[in-house]
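Reviewing the structure listed below.
Lettering of chains follows the sequences in order, A, B, ..., and the numbering in each one begins at 1.
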4 protein chains.
Amino acid sequence: MARGNTRQRIQDVALELFAEQGYEKTSLREIAERLDVTKAALYYHFKTKEDIVISLFQDLTRPIDELIAWAEEQPHTLETKQEILRRYQEALVGAYPLFRFMQENQATVRELSIGETFKERMITMTRLIQEPGLALTDRVRCVSALFTMHAGMFFMQHVEGDPEDKREAVLEVAVDLVSQAHHGPRG
Amino acid sequence: MARGNTRQRIQDVALELFAEQGYEKTSLREIAERLDVTKAALYYHFKTKEDIVISLFQDLTRPIDELIAWAEEQPHTLETKQEILRRYQEALVGAYPLFRFMQENQATVRELSIGETFKERMITMTRLIQEPGLALTDRVRCVSALFTMHAGMFFMQHVEGDPEDKREAVLEVAVDLVSQAHHGPRG
Amino acid sequence: MARGNTRQRIQDVALELFAEQGYEKTSLREIAERLDVTKAALYYHFKTKEDIVISLFQDLTRPIDELIAWAEEQPHTLETKQEILRRYQEALVGAYPLFRFMQENQATVRELSIGETFKERMITMTRLIQEPGLALTDRVRCVSALFTMHAGMFFMQHVEGDPEDKREAVLEVAVDLVSQAHHGPRG
Amino acid sequence: MARGNTRQRIQDVALELFAEQGYEKTSLREIAERLDVTKAALYYHFKTKEDIVISLFQDLTRPIDELIAWAEEQPHTLETKQEILRRYQEALVGAYPLFRFMQENQATVRELSIGETFKERMITMTRLIQEPGLALTDRVRCVSALFTMHAGMFFMQHVEGDPEDKREAVLEVAVDLVSQAHHGPRG
DNA sequence: GATGAATGAGAGTTCATTCAT
DNA sequence: CATGAATGAACTCTCATTCAT
């Protein structure tokens, strides 16, 4: 029937279910049934269950890697940092279900071979938005800026308001935190 | 050795393993083996696997419920909010492994009967540290303050510095965010 | 129902089926069905399928180990060697199905952790019935004596004659081979 | 590289893997991967997995069938028997991997359609090297001569000495056994 | 002469859970 | 207060095989 796109369809359904129910609680049978193929068909396209999740990761990792690569070449100005945050938020929004999956299945992800990779990206990101030699509080502000954006993705659903407005507000707060850190000890 | 404390020992080991490996990947066999009892023994003390995790929850929920109860009776001053954050951090530190477990197994927790409970607590917490009628950005700041503290518990391990200093810095940033929100549109 | 002897029954049925159909072609489902228990029951008694086969091995290995231990303490006379062969045949007959299984599933056995163990026993056995410094032909005779007995167990079915008579004839030929070797270059 | 010889290459690889790991544990996927073709390609050349093994058999069966045909026409002298053994060893050496496969996968081979065929050949062989009406012991000697040669192929690896010398010694012992049988009750 | 995509059947294994003792 | 023995359901994964292209 549908031909050539089965691999993609597996990824789509898998991501949806992983995000919804968690990785462990989603069985290959379930994925296969939704696609109306057999379990064995999944194994034609992916070597293991973990392989499916790894392939999904690249969709999130690639944009962030590109962002990091771009950031490494920019001057360390406040404008750059703002732009990093803006682009980071863009990446998060663009890969929302995957990011949600990672957020909600950290215990699983940690044991999956990509766990380290992901944490490294986060560490690199914090490095990019903070100057070396910042006071501890300001370093915390930078980490906080990043996690504010993560929180913005999930918890903010429970805050009333227009989604787009909320997104902007989240970015504003994050930028603000980084600005405070950038200018150093307030004064 | 000590007798009659098996129930407690089950909880301890279960929490340790749940936090380390995740709920789904931790089997009752594993818990039983660590305790050098049989699986059936676990069933003497807990009706189901989920029951174990529910019992663990109360250790985290109770302190936070107490905190909420206390906060509800205080005046809505900035000082109160600062104290709320301080006590919240205290609760987090005091129930570190459990909190880590909840953080890293959200997908699982959501499906467990306590899932809702926990999210409600979070929503209540944000309500307590923000005035009604705040601008969206300021509401974000309050949410951000809470998540800064969560991030502080886990991600801050990757930031260099004395743990105690880091904890204080985290609290300072959180308090700062709430202060900004409290004073409303900056000026 | 039948209690306490399930482990033994598993071993019995497994050995029977392994010998009949081979290790790989015998599924745990089949074993379980014959015993009228579930597959999971097998796993209560044995950690893996391989574990079943390992446990079976000990029934063959132990008598042979005892034989080796006994032989090591005897003088290297012809009489001793004859007695070794006699006892070896006894061991073979006593563990007939297991031995047949090993003989017919060598490819499998080799990959199973006990493969080496078994080969070592054979090498030790040949050492015990030959003097050091024998001519090559005589060393071959000793190996041949051993394999004659193996052949005697299986292939001799296709030779007509009373089983007991055949067994004796096999032993006689084996003893003869070892005697020739013992006396060295014929003369 | 060379084209049109795929069928042969499949046989070569299959035999190698079957001998090394056993028939059941060797999957068509593995064979295909080694040849860098798809599994489906194997099905172009062979109708089933069993078909591959059957095709391999003929390489061993044919020389032995020829040997049998030749032997049937010879006078029943001792010299003929010696020559049979010599040629038999030659056939074994010439089809070493296949013979090893048969030896180590008897359980499997027995269920494969060629199982009977092979056993029949063995029985015919023993008939050829023994006179009708021999004493039981002497019949055993003849069987033993054959199995000495089999043992010589595999177990003799564990005996030190030059391979060619060992081969000769094996033949010598086999011939000796048949000679003893030929001359009947020793005297 | 071969591939890409898929299937159906079944494998070994693990799990939470039960219950008589 | 706990064990020994077992179950039923599910799991991930592999296999030989098929067939349209």
Write down the distance between [atom1] ([X]) and [atom2] ([N]), rounded to a whole number of angstrom.
| X | N | atom1 | atom2 | answer |
| --- | --- | --- | --- | --- |
| B/Arg7 | F/dA2 | CZ | P | 13 Å |
| C/Ile52 | E/dG12 | CD1 | C1' | 11 Å |
| D/Lys47 | E/dA2 | NZ | P | 19 Å |
| D/Phe46 | E/dA2 | CZ | C1' | 15 Å |
| D/Lys49 | F/dT18 | NZ | P | 15 Å |

Can you tabulate the close N/O pairs, meaning under 3.5 Å, that link protein atoms to atoms of nucleotides 19-21 of chain E?
none

Both C/Lys39 and A/Leu42 contact DNA chain E. Which one's nearest nucleotide lies toward the 5' end?
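By nearest-heavy-atom nucleotide position, the 5'-most residue is A/Leu42.
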cation_pi(C/Lys25, C/Phe18) dist<6.0 Å, angle<=45:
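No, C/Lys25 does not sit over the ring of C/Phe18.
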Can the positive tip of A/Lys49 be found less than 6.0 Å from the middle of the six-membered ring of A/Tyr23, inside 45° of the ring normal?
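Relative to the ring axis of A/Tyr23, which defines the angle, A/Lys49 lies inside both limits.
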Nearest-nucleotide pick for B/Ala41, side chain only, options being E/dG12, F/dG8, F/dT3
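Nearest to the side-chain atoms of B/Ala41, counting from C-beta on, is F/dT3.
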What's the closest nucleotide to the side chain of D/His45 if the choices are F/dT12, E/dA2, F/dT7?
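Selected nucleotide: E/dA2.
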For C/Gln106, enumerate each residue passing the side chain to side chain donor-acceptor pair (under 3.5 Å) test, keeping only those at least two apart in sequence or located in another chain.
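Checked C/Gln106 against side chain to side chain donor-acceptor pair (under 3.5 Å); zero matches.
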Residues within residues 20-35 of chain D bordering DNA chain E, heavy-atom distance below 4.0 Å:
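Here the set is empty: none.
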Can you name the residues that form a side chain to side chain contact (heavy atoms under 4.5 Å, CB included) with A/Ala19, not counting sequence neighbours?
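A/Ala19 satisfies side chain to side chain contact (heavy atoms under 4.5 Å, CB included) with A/Phe101 once adjacent residues are dropped.
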So, is A/Tyr44 near the phosphate of E/dA5, with a side-chain N or O under 4.0 Å from OP1 or OP2?
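Yes.
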Please determine whether a side-chain nitrogen or oxygen atom of A/Thr6 lies at a distance below 4.0 Å from atom OP1 or OP2 of E/dA6.
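Indeed, a polar side-chain atom of A/Thr6 lies that close.
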Between C/Phe155 and C/His150, is the ring centre distance below 6.0 Å?
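No, too far apart.
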Could you report the tightest heavy-atom contact between B/Thr38 and B/Ala32, atom names first, then the distance?
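Minimum heavy-atom separation between B/Thr38 and B/Ala32: C-CB, 3.8 Å.
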What are the two closest non-hydrogen atoms of B/Asn105 and B/Gly22, and how far apart are they?
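Taking every non-hydrogen atom into account, OD1-CA, 3.2 Å.
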Main-chain N/O of C/Glu20 paired to D/Arg110 side chain as donor or acceptor, under 3.5 Å:
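Yes, because the side chain of D/Arg110 sits within donor-acceptor range (under 3.5 Å) of the backbone of C/Glu20.
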Should the pair A/Arg62-A/Glu66 be classified as a salt bridge under the 4.0 Å nitrogen-to-oxygen rule?
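No, this pair does not count.
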Among D/Gln11, D/Gln21, D/Arg34, which one satisfies side-chain hydrogen bond (donor to acceptor under 3.5 Å, both in side chains) with D/Glu16?
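Testing D/Glu16 for a side-chain hydrogen bond (donor to acceptor under 3.5 Å, both in side chains) against D/Gln11, D/Gln21, D/Arg34 leaves exactly one candidate, D/Arg34.
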With D/Tyr96 via ring-ring contact (aromatic ring centres under 6.0 Å, His included) - residues at least two apart:
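Per chain and number, D/Tyr96 pairs via ring-ring contact (aromatic ring centres under 6.0 Å, His included) with D/Phe154.
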Go through DNA chain E and write down every stem, that is, every run of at least three consecutive Watson-Crick or G-U wobble pairs with distances under 3.5 Å, as range with range.
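Detected stem regions: E:2-21 with F:2-21.
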